[in-house]
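Quick notes on the structure that follows.
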Amino acid sequence: MSIHENNASSSARISDVLESAAVRAGERTSTGHSIARMSETGGALAPFQLEQRRMIHREESVRQQSDAFRGIRTRLLGLAGQHNFVTLVVSVSPRSGGSFVARNLAAAFAFDEAKTSLLIDCNLRYPDQHKSLGVEPDNGGLIDFLEHPSIGIEPILYRTGIPRLRLIPAGKSRENSGEYFSSFRMRTVVDSLRCRYADRYLFLDGPSVKGSPDARILSDLADYVIVVAGYGRDTPAAISQAVANFEPDKLAGVVFNQTP
Ligand SMILES: Nc1ncnc2c1ncn2[C@@H]1O[C@H](COP(=O)(O)OP(=O)(O)O)[C@@H](O)[C@H]1O
Ligand SMILES: [Mg+2]
């Protein structure tokens, strides 16, 4: 995919140059497929539970939406070739759907029985994924680990009820999150999580570009960046501005998301 002209200033140029996928709200139900290699003793979620979590699945009723996420998955895999990678997902402005896209894209990778995916909630000020996924972060999360590495990474890797999808919740909420993300320790964590299993794909759910430098700081840790624009919410100028924060080589595309 050609993305090197993405500093274009008009919205027309953005849609010309960047890949996009319209993700529409739809009904959601469930799946309960068996597990390939990871042990998943907790059992898969029931249809109504996935519905509450606003998650895609393999059934016909949500085909349009799950196809959109599979399409993004295919593009990322096409960019990366053989290797697993780290994808940062950020929205242009709060509530445009960045976390929704990060969660469902991670699920789309986990649908493939030859892959596992790990979603890391990097919105330290307003952590959200554990609530959306119904995970009780009893052992703490990313921040707790960064502050006390001796707790080990295993306790903060939570099952989600979706086979092969794990969550690292943010942990205690923090104001000065940029300092954590630019730390050597954070880089080491991300690198070692990626390197440990060749079939593990990492998704960083970052805060929106508007109002925080974290999205840009986090992009240093990622191989690819996906910017989520709220359809009818974020203006072309705001989208251009958001996109300009990232290295052109890392920008995998803009997803136009229509919130319900
Ligand atoms: N396409 C969509 N379909 C259904 N619900 C959505 C969609 N996009 C966003 N939402 C919901 O809208 C709310 C805001 O989205 P969220 O992903 O938290 O935004 P952000 O992370 O950009 O602040 C959440 O409750 C989310 O589940
Ligand atoms: Mg979010």
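Atoms within a ligand are numbered from 1 in the order they appear, just like the ligands themselves. Reckoned from all heavy atoms, side chains included, excluding hydrogens, waters and symmetry mates.
Which parts of ligand 1 touch Arg103 is read off a 4.0 Å heavy-atom cut-off, strictly below it: atoms 27 (O). Interface of Gln258 with ligand 1, defined as ligand atoms under 4.0 Å from a residue heavy atom, comprises 1 (N), 2 (C).
At a 3.5 angstrom cut-off on N or O pairs, Ser96 counts as close to ligand 1. Considering backbone and side-chain N/O of Gly98, one or more are found under 3.5 Å from N/O of ligand 1. Note: an N/O pair closer than 3.5 Å links Gly97 and ligand 1 by distance alone. Note: no N/O pair closer than 3.5 Å links Thr259 and ligand 1 by distance alone.
Asp144 places a side-chain N or O within donor-acceptor distance of the main-chain N or O of Gly141, the cut-off being under 3.5 Å. No donor-acceptor pair closer than 3.5 Å links the side chain of Ser91 to the backbone N or O of Pro94.
Comment: Glu154 engages Arg196 in a salt bridge, judged by a side-chain N to carboxylate O separation of less than 4.0 angstrom.
Contact annotation: Ser99 places an N, O or S atom under 2.8 Å from the Mg ion (ligand 2).
Annotation: the span from Ile143 atom CD1 to Met186 atom CE amounts to 8.0 Å, rounded to 0.5 Å.
By heavy-atom distance, the residue among Gln129, Arg54, Met55 lying nearest atom 27 (O) of ligand 1 is Arg54.
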| field | Arg187/Asp220 under salt bridge (Lys or Arg N to Asp or Glu O under 4.0 Å): CA gap, chis, key distance, verdict | value | CA-CA 9 Å; Arg187 177 171 291 278; Asp220 285 343; 5.3 Å; no
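By the criterion of a heavy-atom distance under 4.0 Å, the side chain of Asn257, and not its backbone, is placed next to ligand 1. Only side-chain heavy atoms of Asp128 come within less than 4.0 Å of ligand 1; its backbone N, CA, C and O stay farther off. Heavy atoms of Pro94 found under 4.0 angstrom from ligand 1 belong exclusively to the backbone. Contact annotation for Arg53 and ligand 1: no heavy atom of the residue comes within less than 4.0 Å of the ligand.
Under the 4.5 Å side-chain heavy-atom criterion for Ile, Leu, Val, Met, Phe, Trp and Tyr, Leu204 and Tyr126 are members of distinct hydrophobic clusters.
Ring geometry for Phe109 versus Tyr201: interplanar angle of 30 to 60°, hence tilted.
Exactly one of Ile153, Asp121, Ile168 qualifies for a side chain to side chain contact (heavy atoms under 4.5 Å, CB included) with Leu142. That residue is Ile168.
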